Structures are given as C-alpha cells and as structure tokens.
Enquirer: 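Pasting a structure below so you can have a look.
All values below were derived from every heavy atom in this structure, side-chain atoms included, with hydrogens, water molecules and symmetry-related copies excluded. Because the structure is predicted, anything quoted here is derived from the model rather than measured.
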Amino acid sequence: MSGTIRLISPIDGRVYAERPVLPAAEAEAAVARAHAAQGAWAALPLSDRIARVTAGIAALETMRDEITHELAWQMGRPVRYGGELGGVHERSAYMARIAAEALAPTEIEDSDRFRREIRREPLGVVLVVAPWNYPYLTAINTIVPALIAGNAVVLKHASQTLLAGERLALALHRGGVPQEVFQNLVLDHATTEALIAARRFGFVNFTGSVAGGRAIERAAAGTFTPIGLELGGKDPGYVCADADLDAAVDGLMDGAMFNAGQCCCGIERIYVDARLYDAFVAKAVDWVMRQKLGDPTDPETTMGPMAHRRFAQLVRDQVAEARAAGATALIDPADFPADAGGAYLAPQVLVGVDHDMRVMREESFGPVVGIMPVAGDDAAMRLMNDCAYGLTASIWTADPERAAEIGARLQTGTVYMNRCDYLDPALCWTGCKDTGRGAALSNLGYLAVTRPKSYHLKKVQK
C-alpha cells in the first residue's frame, strides 16, 4: 500500500506539508540497508559513536529557529517556548555521559583460572515510532541510547509532525551518523506492522495511544521482539494541607495547561485537601484567566491550538458530559474568543466532578482539569489509584517523608514532590497499567536497547 500523508496545520487548517508513503518493498529494502550497516557502526569505538551522536544533537540545535516555527505550524505549540531543544540537549548529554559506565562489562572473575563477565550487545535495528506532542523529546529518549549502544535506528514519525523526523535525520547525518544507520521513513500503519511481524527489528519503541500500543503488540505476537510502550496517562496531583499553596497552583496548573494539555505526563486531575480547596480553586481560575489563547506564531500567545480539531472535540465532549452529570465549568469560553469550535480550545477548570465522569477517569489530552476536595491522604491515594493509567503522580507537601510514604502506595511510574511534568534523564522513565511497559532514560535505558551476553573463559593451566 502506498499513498500520501498530508499534514494539516491546526493554525489555519491548510495542508502544511505532504509526503509520499514509502511502498512496502522500498521500506523492506531500507530496513535491509540498516541491517547491513549496523555491524560496522557497532564496531566503531564507543567514544566515536558518542562523538558522532553528540555532534548530531549540536547540529540539531543550530536549527532552533526553524524547528520552533515548524512546531507551531505542525502541532500548535507557541513560539515563545522555543521548541524542545533544551530538553533534547539535557537528555542527550546525560545519556552520552553515562554510556561508558552503563555499557561496561560486568566482571565476575578475572583470575589465573577463569575470566567470567557479562557484556552488553546491541539488538540490531531499533524501530522508534514517535508521537506528535513532543516530537523531538520523545524520539530522542530511544534514538540517542540506541545509536550510542551500536544499534541502527529506523524512525517512523507521526503524520502530524512529519518535518521533525526529517530534521532529526539531517542533523544526525551532519554529525557523522551514517545515512543507513539512522533512517527516517514515512510509513503507513500496514507496512509498519508487516515489518514488525516479519521480525525485521531487534526492538520496537512506541509512544502513542493505548489502541496504537495494542496494534504494535498484535503485530509482534509470536516474534519475541522486545517492545517498549509509553501509552496513555491521566496523571494526578495531590495538594496536602501543609503545601505551599501558590507554588502548588503555579506548578499544577502549568502542568495541566502547557502545550494545550497535550502532555503524556500532564496533570489531568487534582485532589486538594479540603482545608485548602476553596483557595486553590480560586487561584487556579485566576491562573487560567491570565493565559492568552491564539496564534502560536505570536510571541504573546501562551496557549496555541490543539494539534487537530478532532482532539479538541474529544475534550469538548468530555466537558459537556461532565456538566450534564452535575459538574460546574468555572471558565467561560467567551473569555477566550479564539475558541470558535475548531482546534483552538479555551482552557477549562471543572469542579463538582467525581469518578463516574469520563473527564476524571479517561485521558483528555487537552487543556481541562477537574479538581476535587479530599479529607486526607488515604482518600487522595484511593482516588489517585482509581484509574487505568499509571505514568506520574505529583504530591505537594512540606514533608519529604510524607511524600515518600504516599508515593510508595501509588500505582505509578514516577512520584514527584513539589513539581510535575518533567523528565529527569538520570531517572527511569516508565509506567504501569495501561500506560504501558518498558524503560527509557537512565542506565536502564541502555539495558532496553542491548542484550546481555555471558563469557565463561577457562584459561589453559601451564
């Protein structure tokens, strides 16, 4: 199957870019070239691979202005935020810095009789299926460690951010990564799934929807191909009675509304100790009313459109259902005149919500947050765990021990105290339940893109 992928800009609804889909036979040939080139890449000294990947990231940073404006046109992020390259540099630099230690052999014995050790070997060709919401940050989480570890990488980027894959390829090739070792391919779902089913990849990393993750698992069934899946999220925040109220409002509302709420680890539901509830809600509304919804190419805009009008409609439907079930919407969309029923969506704060409502249980992925009062830690933890997802959870308190105790009882991949919506590259990025499985970043990120090989060498006795 072949055809054309058309990227519709959320700014004005016009076709911003279009690319032909690679026919299946050509896609297979491209993957074959990756396999053929991978061995020579893996044979390079680790320091050489690190230098080339690092140079590629540096080349990407020289494209900052172009990338910032392309992101605005592709998926709606305001230019005032400058793209994603600060985070790309932070994560890439950290993974490069720990590579030698993370990939070093584990020595068990080196005596006059035996040499025993465990080494790490690359998996071969790694497929990265990247999403549109953070098209550079999410992709780089796997691309950088996979290349440094000696794998070849095939990138299939989301149709909403076609140009991001091209930028990554251009930059890495300029840095010295061979063209066959890193390839950006425009593939349709059928070809992607057929390649996975044919066992053409040593590892597949997918970031996207739960439905997309299920499709990847079905394609890989019976192939024993290892898979990393970062899927949905419905991340909670909990404001304890001893929290710094202003800091909690600023942190959680930014976590809920940044990128028009289109963050895997964005805050989608907030539970507030009843003693702080009224004050928190009032300050949250004030925070939202200071936002400017509009053209993301305008430096004054703080919130651009959602990436597609159908994403905005899903949020509108959740809000309408919640209001019909008794919730109260505290923001009048008329205060945000750019909201005209298309991709531009006014931010919303809901109260009077409960867990019978979709907006508190199912992923919204938009600029809406429900806020509930709770009687204390036990009630908050019960509600935070009452969800099919488990990516991050944010606890706001002055007591680190309390945060750690609460965190130990939460079904989540990352526990934050007094912050949210951030990836620390030194910590493992992972999730549980319908959020998926696998590990990215940290030293565990290298384990995901390599396999162990054991050496038991008996020495000749003289």
Enquirer: State whether E84 and R64 are salt-bridged, where the test is any N-O pair (Lys NZ or Arg NE/NH1/NH2 against Asp/Glu carboxylate O) under 4.0 Å.
Expert: no

Enquirer: In terms of side-chain heavy atoms, does T302 have a donor or acceptor partner in Q291 at a distance below 3.5 Å?
Expert: yes

Enquirer: How far does CG of D386 sit from CE of M360, to the nearest 0.5 angstrom?
Expert: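 Answer rounded to 0.5 Å: 9.5 Å.
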
Enquirer: Check whether any side-chain heavy atom of I140 sits under 4.5 Å from a side-chain heavy atom of L168, and report yes or no.
Expert: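 SC-SC contact between I140 and L168 confirmed.
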
Enquirer: Are D48 and R52 close enough for a salt bridge, meaning some N to O gap below 4.0 Å?
Expert: yes

Enquirer: Taking T301 for its side chain and P296 for its backbone only, find out whether a donor-acceptor pair lies under 3.5 Å.
Expert: no

Enquirer: In terms of side-chain heavy atoms, does D188 have a donor or acceptor partner in T191 at a distance below 3.5 Å?
Expert: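 Note: D188 and T191 side chains meet the donor-acceptor criterion.
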
Enquirer: So, T142 side chain and A139 main chain: donor-acceptor pair closer than 3.5 Å or not?
Expert: no

Enquirer: Would you kindly say whether E121 and T450 are connected by a side-chain donor-acceptor distance under 3.5 Å?
Expert: no

Enquirer: Which value, rounded to the nearest 0.5 Å, describes the distance between L127 atom CG and L195 atom CG?
Expert: 8.0 Å

Enquirer: Which heavy atom of N133 sits nearest a heavy atom of C263, and at what distance?
Expert: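 Looking at all heavy atoms of both residues, the shortest contact is ND2-CA, 3.9 Å.
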
Enquirer: Keeping the roles fixed (side chain from D242, backbone from A398), state whether a donor-acceptor pair exists under 3.5 Å.
Expert: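 A pair under 3.5 Å: yes.
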
Enquirer: So which heavy atom on H157 is nearest to which on P135, and how close?
Expert: NE2-O, 2.8 Å

Enquirer: Who are the side chain to side chain contact (heavy atoms under 4.5 Å, CB included) partners of R119, not counting sequence neighbours?
Expert: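 Scan of R119 (side chain to side chain contact (heavy atoms under 4.5 Å, CB included), adjacent residues dropped) gives P105, R115, E117, Y455.
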
Enquirer: Less than 6.0 Å separating the ring centroids of F311 and W132?
Expert: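 Between F311 and W132, the centre distance is under 6.0 Å.
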
Enquirer: With a cut-off of 6.0 Å (strictly less than), are more than 12 heavy atoms of other residues, nucleotides or ligands near CD of E90?
Expert: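 Result for CD/E90: enclosed.
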
Enquirer: Let me see the working for D378 and R409 under salt bridge (Lys or Arg N to Asp or Glu O under 4.0 Å), right down to the final yes or no.
Expert: CA-CA 10 Å; D378 288 342; R409 295 169 60 187; 3.3 Å; yes

Enquirer: So, does D235 use its side chain to make a donor-acceptor pair with the main chain of T392 at under 3.5 Å?
Expert: yes

Enquirer: Less than 3.5 Å apart, which donor and acceptor atoms pair up between the side chains of residues 224-231 and the rest of the protein, not counting sequence neighbours?
Expert:
unit_1: T225; atom_1: OG1; unit_2: T223; atom_2: OG1; d: 2.8
unit_1: E230; atom_1: OE1; unit_2: W429; atom_2: NE1; d: 3.1

Enquirer: Check whether any side-chain N or O of N151 sits under 3.5 Å from a backbone N or O of L123 as a donor-acceptor pair, and report yes or no.
Expert: yes

Enquirer: What closest approach, in Å, do G233 and T435 show between heavy atoms, and which atom pair accounts for it?
Expert: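 That would be CA-OG1, 4.3 Å.
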
Enquirer: Heavy-atom distance under 4.5 Å between the side chains of V15 and L7, does that happen here?
Expert: no

Enquirer: Taking N205 for its side chain and V128 for its backbone only, find out whether a donor-acceptor pair lies under 3.5 Å.
Expert: no

Enquirer: Tell me, do Y238 and T397 make a side-chain contact under 4.5 Å, heavy atoms counted?
Expert: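 Not in contact.
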
Enquirer: Can you confirm whether V125 sits close enough to R200 that some side-chain heavy atom of one is under 4.5 Å from a side-chain heavy atom of the other?
Expert: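 When only atoms from C-beta onward are counted, R200 and V125 do not touch, as no gap falls below 4.5 Å.
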
Enquirer: Looking at P236, is its backbone amide N or carbonyl O close enough to the side chain of E268 to form a donor-acceptor pair, meaning the two atoms are under 3.5 Å apart?
Expert: no

Enquirer: Calculate, to the nearest 0.5 Å, the distance between atoms CD1 and OH belonging to I148 and Y446 respectively.
Expert: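 Nearest 0.5 Å value for the CD1-OH distance: 3.5 Å.
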
Enquirer: Taking atom CZ of R309 as the centre, does the number of heavy atoms from other residues, nucleotides or ligands within less than 6.0 Å exceed 12?
Expert: no

Enquirer: Ignoring hydrogens and geometry, is there a side-chain-to-backbone donor-acceptor pair from N443 to A102 under 3.5 Å?
Expert: no

Enquirer: Hey, are the side chains of Q262 and Y134 touching, using non-hydrogen atoms and a 4.5 Å cut-off?
Expert: no

Enquirer: Measure the shortest side-chain to side-chain distance between C240 and R402 over non-hydrogen atoms and say whether it is less than 4.5 angstrom.
Expert: yes

Enquirer: Tell me, do E362 and V359 make a side-chain contact under 4.5 Å, heavy atoms counted?
Expert: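 E362 vs V359: side chains apart.
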
Enquirer: Given the rule in the side-chain hydrogen bond (donor to acceptor under 3.5 Å, both in side chains) test, do S364 and Q318 qualify, once you have shown the distances and angles that lead to the verdict?
Expert: CA-CA 8 Å; S364 301; Q318 285 190 355; 2.5 Å; yes

Enquirer: For side chain to side chain contact (heavy atoms under 4.5 Å, CB included), just list the numbers for V88 and L60, CA-CA rounded to whole Å, side-chain angles, deciding distance to a tenth of an Å, and then say yes or no.
Expert: CA-CA 9 Å; V88 167; L60 190 69; 4.1 Å; yes

Enquirer: Supply the atom-to-atom distance D421 CG to T414 OG1, rounded to the nearest 0.5 angstrom.
Expert: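 So the gap between those two atoms works out to 11.5 Å.
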
Enquirer: Report the C-alpha separation of R269 and H355 in whole Å, then their side-chain angles, then the decisive distance to 0.1 Å, and conclude whether the side chain to side chain contact (heavy atoms under 4.5 Å, CB included) test is met.
Expert: CA-CA 10 Å; R269 50 200 174 105; H355 276 222; 3.9 Å; yes

Enquirer: Using the test side chain to side chain contact (heavy atoms under 4.5 Å, CB included), find all partners of D273 that sit at least two apart in sequence or belong to another chain.
Expert: A241, R275

Enquirer: Any ring-ring contact (aromatic ring centres under 6.0 Å, His included) pairs touching residues 51-104, not counting sequence neighbours?
Expert: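 For residues 51-104, and leaving out neighbouring residues, the ring-ring contact (aromatic ring centres under 6.0 Å, His included) pairs sorted by first residue read Y16-W73, Y81-F258.
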
Enquirer: Please lay out, stage by stage, how R437 and T430 fare under the test side chain to side chain contact (heavy atoms under 4.5 Å, CB included).
Expert: CA-CA 7 Å; R437 66 186 190 199; T430 188; over 6 Å; no

Enquirer: Quick check: do S394 and L252 have side-chain heavy atoms less than 4.5 Å from each other?
Expert: yes

Enquirer: Among residues two or more places apart or on two chains, list those pairs meeting ring-ring contact (aromatic ring centres under 6.0 Å, His included) that have a residue in residues 178-215.
Expert: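 Non-adjacent pairs meeting ring-ring contact (aromatic ring centres under 6.0 Å, His included): zero.
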
Enquirer: Looking at every heavy atom in both A312 and L345, which two are closest together, and how far apart are they?
Expert: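 What the structure gives for the nearest pair is O-CD2, 4.1 Å.
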
Enquirer: Any donor-acceptor pair under 3.5 Å linking the side chain of E193 with the backbone of A190?
Expert: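 Checking the backbone N and O of A190 against the side chain of E193, no donor-acceptor pair under 3.5 Å is found.
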
Enquirer: Are any of the side-chain nitrogens in K234 or E363 under 4.0 Å away from the carboxylate oxygens of its partner?
Expert: no

Enquirer: Tell me whether R419 is salt-bridged to D424, with the criterion being a basic N under 4.0 Å from an acidic carboxylate O.
Expert: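 A salt bridge is absent here (no side-chain N lies under 4.0 Å from a carboxylate O).
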
Enquirer: For the residue pair C420 and G255, what are the closest heavy atoms and their distance?
Expert: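 Here C420 and G255 meet closest at SG-CA, 4.0 Å.
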
Enquirer: Can a donor-acceptor pair be found, under 3.5 Å and without considering hydrogens, that links the side chain of Q411 to the backbone of C387?
Expert: no

Enquirer: Pair L441, R91 - check side chain to side chain contact (heavy atoms under 4.5 Å, CB included), show working.
Expert: CA-CA 8 Å; L441 301 176; R91 297 180 193 182; 4.2 Å; yes

Enquirer: Residues two or more places apart in sequence or in another chain: which of them pass salt bridge (charged side-chain N to carboxylate O under 4.0 Å, His left out) with R49?
Expert: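 Applying salt bridge (charged side-chain N to carboxylate O under 4.0 Å, His left out) to R49 gives none.
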
Enquirer: Which heavy atom of P10 sits nearest to which heavy atom of G76, and what is that distance?
Expert: CG-N, 3.8 Å

Enquirer: Please round to the nearest 0.5 Å and tell me the distance separating atom CZ of R116 and atom CG of L457.
Expert: 10.5 Å

Enquirer: Do the charged groups of R19 and E166 touch, with an N to O distance under 4.0 Å?
Expert: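 Here R19 pairs with E166 in a salt bridge, since their nearest N and O are under 4.0 Å apart.
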
Enquirer: Could you give the distance from NZ (K459) to CG (D110), rounded to the nearest 0.5 Å?
Expert: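 Here the rounded value is 4.0 Å.
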
